[in-house]
Amino acid sequence: LMAGLVFGIWRLQQSGIVGQALATASDELTAWSDRQIVRAGLTVQHVFVTGRGETSKPQVLRAMGVLSGQSILAFEPAEARQKLLRLGWVETARVERRLPDTIVVHLRERQALALWQHKGRHVLIDRGGKPITRDNLARFAHLPIVVGQDAPAAAADLIDMLSQKPAMFALVRAAVRIGSRRWDLRLKNGIKVHLPEVRTTDAWARLAELVAEHRIFERDVVAIDLRLPDRLVLRLTPQAAARKNKSGKET
């Protein structure tokens, strides 16, 4: 009798009837559970998002994958938070499930610092040097451009230093990272400024004084070298150099 019983169970398993019955029972149990949840009002009806500026609410909802009317018990706040952190503008996120029907999202967005020119394209970066977005950058055209493989990581310190002289900083169009050690500045008037590797703040302040006292930006200058601590080296335009050197050779 026992052998026959075991053989019968084995035949049922091989036929798939048992698996189908269990799957059907599981589906029916899930459907019943969902109906009870709906009857109890435990479904997503409200999603509140705070701290967003650049990130739209539809973006938040799509990222989390949440739909109105779905079971709020099936919603996983920790998983939703990880998905939100993949959005370019989102720096931190906190997601709360508040029974019976509300999800609350608290965002902190990144602050745009500069445009990073990399491989022929511009990328908006934050103070930590992390990329934010490549899209719709026209409204960030007023930000300085940084160039170089390691430029994003060093950009915040440079911009903080340049900002100490606002009038001068307003003339900076781009900053090029040289050898992972120092910067060359390209000004809007076409002049190139070679900053030193050390004591950069002192050199920048010295240049600001010279500009204010001697108006050197108004002269026929194409480059200003600040890498020597005890002197300022100016490179003149070819025309100005020719006038200065009576032999016609550049100096």
Side-chain angles (χ1 to χ4, degrees), residues 110-245 248-251:
R110 303 184 189 280
Q111 298 298 312
L113 176 73
L115 294 170
W116 178 34
Q117 183 176 310
H118 183 59
K119 294 184 179 179
R121 298 186 62 185
H122 286 164
V123 182
L124 188 68
I125 60 173
D126 66 3
R127 287 191 60 84
K130 294 184 178 180
I132 298 175
T133 182
R134 296 178 182 270
D135 303 322
N136 304 318
L137 298 183
R139 58 196 180 99
F140 299 103
H142 63 285
L143 295 177
I145 299 171
V146 294
V147 184
Q149 185 65 34
D150 68 331
D157 289 341
L158 173 71
I159 291 175
D160 288 345
M161 186 274 294
L162 297 177
S163 300
Q164 295 178 18
K165 303 294 180 182
M168 293 278 290
F169 181 43
L171 300 176
V172 176
R173 181 174 64 87
V176 181
R177 189 71 169 160
I178 306 297
S180 300
R181 296 178 294 103
R182 63 173 197 85
W183 296 90
D184 278 351
L185 305 180
R186 296 173 183 174
L187 306 185
K188 295 175 181 177
N189 57 12
I191 296 176
K192 181 184 290 186
V193 178
H194 303 286
L195 293 176
E197 182 178 351
V198 297
R199 303 191 66 178
T200 310
T201 302
D202 294 342
W204 184 241
R206 181 159 53 98
L207 178 60
E209 293 176 1
L210 292 171
V211 169
E213 295 176 4
H214 302 287
R215 300 180 181 272
I216 58 175
F217 282 172
E218 299 176 12
R219 301 185 182 184
D220 296 326
V221 175
V222 294
I224 302 172
D225 196 336
L226 300 170
R227 287 175 290 181
L228 298 176
D230 59 343
R231 70 191 68 181
L232 179 77
V233 180
L234 303 180
R235 180 182 175 188
L236 303 178
T237 63
Q239 297 80 7
R243 290 194 300 269
K244 187 175 181 62
N245 187 348
K249 297 180 180 179
E250 293 185 21
T251 59

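Here the closest heavy-atom approach between residue Ile125 and residue Ala155 is recorded as CD1-CB, 4.4 Å. Across all their heavy atoms, Leu228 and Arg206 have their closest contact at O-NH2, 3.5 Å. Smallest separation of non-hydrogen atoms from Leu207 and Ile216: CD1-CD1, 3.8 Å. Annotation for Gly148 and Arg177: closest pair CA-CB, 4.3 Å, computed over non-hydrogen atoms. Nearest heavy atom pair, residue Leu143 against residue Ala112, reads CD1-CB, 4.1 Å. Listed here is the closest heavy atom pair of Ala114 and Ile159: CB-CD1, 3.9 Å.
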Exercise. Would you sort out whether Val221 and Leu236 count as a side-chain contact (heavy atoms from CB on, under 4.5 Å), showing the intermediate values?
Key: CA-CA 4 Å; Val221 175; Leu236 303 178; 4.2 Å; yes
Quiz item: Given the rule in the side-chain contact (heavy atoms from CB on, under 4.5 Å) test, do Asp126 and Gln111 qualify, once you have shown the distances and angles that lead to the verdict?
Solution: CA-CA 5 Å; Asp126 66 3; Gln111 298 298 312; 5.8 Å; no
Exercise. Decide side-chain contact (heavy atoms from CB on, under 4.5 Å) for Trp183 and Thr200; before the verdict, give the C-alpha distance in whole Å, the side-chain angles of both, and the deciding distance to 0.1 Å.
Key: CA-CA 9 Å; Trp183 296 90; Thr200 310; 6.0 Å; no
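Under the side chain to side chain donor-acceptor pair (under 3.5 Å) criterion, Arg182 pairs with Asp184, sequence neighbours left out. Every residue two or more places apart in sequence or in another chain that forms a side chain to side chain contact (heavy atoms under 4.5 Å, CB included) with Val147 is listed here: Gln117, Ile145, Val176. Looking at residues two or more places apart in sequence or on another chain, you find a salt bridge (Lys or Arg N to Asp or Glu O under 4.0 Å) between Arg227 and Asp225. For Arg215, the side chain to side chain donor-acceptor pair (under 3.5 Å) partners are Glu218, not counting sequence neighbours. With sequence neighbours excluded, the residues forming a side chain to side chain donor-acceptor pair (under 3.5 Å) with Arg199 are Asp202, listed by chain and number.
Here Lys188 contributes atom NZ and Ile191 contributes atom CD1; the two are 14.0 Å apart, rounded to the nearest 0.5 Å. Summarising the geometry, atom CG belonging to Leu187 is positioned 11.0 Å from atom NZ belonging to Lys192; distances are rounded to the nearest 0.5 Å. We find the CD1-CZ distance between Ile224 and Arg235 to be 12.5 Å, quoted to the nearest 0.5 Å. Distance check: Phe169 CZ to Leu185 CG gives 10.0 Å after rounding to the nearest 0.5 Å. In this structure, the separation between CG on Leu195 and CH2 on Trp204 is 7.0 Å, given to the nearest 0.5 Å. Atom CG of residue Leu137 and atom CD1 of residue Ile132 lie 10.0 Å apart, to the nearest 0.5 angstrom.
Residue pairs meeting the side-chain hydrogen bond (donor to acceptor under 3.5 Å, both in side chains) criterion with at least one member in residues 157-174, sequence neighbours excluded, are Arg127-Asp160.
Remark: Asn189 CG is packed, more than 12 non-hydrogen atoms of other residues, nucleotides or ligands lying under 6.0 Å away.
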